[in-house]
Protein chains: 2
Amino acid sequence: MARDPQKTRDLILSTALRLFVEKGYFASSIHDIRHAAGLSIGSIYHHFDSKESIASAIYDDLLGRMTSMVEDASGSHMTAKAKCRAIISAMFSMHETDPLTVHFVLHARHREFLPDAPPICSTRPFELMKQIIEEGIASGEIHPIDPVVAGAILFGGAMRLLHLAGDGVLSKPLDFYLDELFEAGWRGISV
Amino acid sequence: MARDPQKTRDLILSTALRLFVEKGYFASSIHDIRHAAGLSIGSIYHHFDSKESIASAIYDDLLGRMTSMVEDASGSHMTAKAKCRAIISAMFSMHETDPLTVHFVLHARHREFLPDAPPICSTRPFELMKQIIEEGIASGEIHPIDPVVAGAILFGGAMRLLHLAGDGVLSKPLDFYLDELFEAGWRGISV
DNA sequence: GTCTATAATTTGATAGAC
DNA sequence: GTCTATCAAATTATAGAC
């Protein structure tokens with residue numbers, strides 16, 4: 001048959017992502033992925049060394065996507081306030097267009113099946129958020145409190161809503177809450 | 001031998017909790033628990049029907065502990081502000097004295113191995129927090145914004161710090177951040 | 001109530017034909 | 001590159017002696 005190998009690879013990744021989010025990494029066997037993707041075990045192992053390497057590829061891909069999202073949102077604005085709002089807004093949009101990605105990055109216990117992955121909070125996108133907060137404090141936009149605290153209030157609140165949305169317990173789309181959420185969060189940490 | 005059965009049961013639960021938090025539920029086999037607890041497979045299966053029932057017992061126990069914690073903290077104060085602060089303070093203390101409990105309740109993906117458990121946000125302690133927020137809005141202490149948003153800012157920020165503490169990326173003990181965190185969170189949502 | 005030995009499945013992964 | 005058939009190891013759970 002020898003189909004387009006890139007297509008096959010992408011199919012494996014998207015299928016695995018869906019199963020990992022739906023049932024969790026450990027409850028999704030290679031055979032489940034094989035069946036859901038309509039492929040064979042052999043084909044999967046031709047493209048990936050192991051189940052863990054599939055998870056690793058997904059993780060890298062999604063983290064990269066989140067990183068450029070944060071970089072874009074951050075680069076298009078000047079003030080810390082505008083940057084932070086753009087990041088949260090982009091994360092909310094991402095949840096609507098690509099909920100699996102957000103769910104995987106936010107919910108999944110990566111350390112459990114990717115023991116060598118650094119803690120999510122020390123990855124690029126989260127470092128960028130911390131950096132923006134610190135610059136906001138330096139420029140006088142944000143109260144001179146501990147950056148960890150400011151970040152927890154502003155982004156922690158947003159992540160909490162993302163979690164709730166992922167659990168399907170919100171009655172409205174995320175966008176509905178954005179204005180109120182950001183206003184309250186920002187008032188809490190701005191000078 | 002016939003040791004005290006309650007002691008054995010507790011030993012199984014505490015050992016399993018430790019392993020579940022350290023290595024995750026799926027990476028901890030019954031044999032791991034057996035070995036770490038210094039017991040036999042037979043003894044474990046005498047006290048519990050299955051691995052899942054161990055997780056279920058742990059979950060019920062910890063959720064009950066969190067519930068009374070929230071109820072106590074809430075019941076000892078009159079204003080929404082004092083109640084919320086007491087809850088966050090108690091959660092932070094709990095993290096110091098019993099980090100495994102907090103970690104398990106906050107981090108673990110219960111739905112993955114306890115498919116019948118309701119989403120954590122719809123359990124008693126989280127319902128209580130939501131209720132306190134709503135009463136605060138009704139009494140005029142809290143801005144009349146969506147209760148979900150107010151809860152996300154105040155408790156989401158605190159949970160974010162608990163997550164970071166659990167990942168071991170905070171340089172100071174949680175108590176160090178409490179005042180700043182609560183002040184910022186409350187300023188964000190209070191009238 | 002606790003133990004050892006073992007059954008029954010499932011899992012991740014490999015071999016080799018096409 | 002994709003497939004089928006199969007392996008070896010690990011896992012949950014059970015049986016039955018003491």
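Chain letters run A, B, ... following the sequence lines, proteins first and then strands; every chain starts at 1.
Taking a cutoff of 4.0 Å between a charged side-chain nitrogen and a carboxylate oxygen, B/R187 and B/E183 do not qualify as a salt bridge. Salt bridge A/K23/B/E112: absent, no basic N to carboxylate O contact under 4.0 Å. A salt bridge links B/R85 with B/D179: the closest approach of a Lys/Arg side-chain nitrogen to an acidic carboxylate oxygen falls below 4.0 angstrom.
The residue among A/S50 and B/G42 whose nearest nucleotide of DNA chain C lies closer to the 5′ end is B/G42. Two residues, A/A27 and A/I41, neighbour DNA chain C, and the one matched to the more 5' nucleotide by heavy-atom proximity is A/A27.
Rounded to an integer number of Å, the gap from CD1 of B/I30 to P of D/dA9 is 22 Å. To the nearest angstrom, P of D/dT11 lies 14 Å from NE2 of B/H35. Nucleotide D/dT2 holds its P atom 12 Å from the CZ atom of A/R9, rounded to whole Å. If you take CZ of A/F48 and C1' of D/dG1, they are 14 Å apart, rounded to a whole angstrom. Following rounding to the nearest Å, B/I33 (CD1) and D/dT12 (C1') show an atom-to-atom distance of 11 Å. One can place CG of A/L11 at 14 Å from C1' of D/dG1, the figure rounded to the nearest angstrom. Taking atom CZ on A/F113 and atom P on C/dG12, their separation rounds to 13 Å, with Å as the unit. Across the protein-nucleic acid pair, A/D49 atom CG and C/dA13 atom P stand 9 Å apart, rounded to whole Å.
Counting only heavy atoms from C-beta outward, the side chains of B/M66 and B/M91 approach each other to under 4.5 Å.
The side chain of A/T8 lies closest to D/dT2 when the candidates are D/dT2, C/dT2, D/dT12. If you check C/dG12, D/dT2, C/dA5 against the side chain of A/H31, the one that comes closest is C/dG12. Of the candidates C/dG12, D/dA13, C/dT2, the closest approach to any side-chain atom of A/S29 belongs to C/dG12. When distances are taken from the side chain of A/Y45 to each of D/dT11, C/dA13, D/dG1, the shortest belongs to C/dA13.
Note on B/H46: every side-chain N or O is 4.0 Å or more away from OP1 and OP2 of C/dT2. When the side-chain nitrogen and oxygen atoms of B/H47 are compared with OP1 and OP2 of C/dT2, one or more of them lie within a distance under 4.0 Å.
Taking all atoms of both residues into account, the shortest heavy-atom contact from A/S43 to A/L39 is OG-CD2, 4.3 Å.
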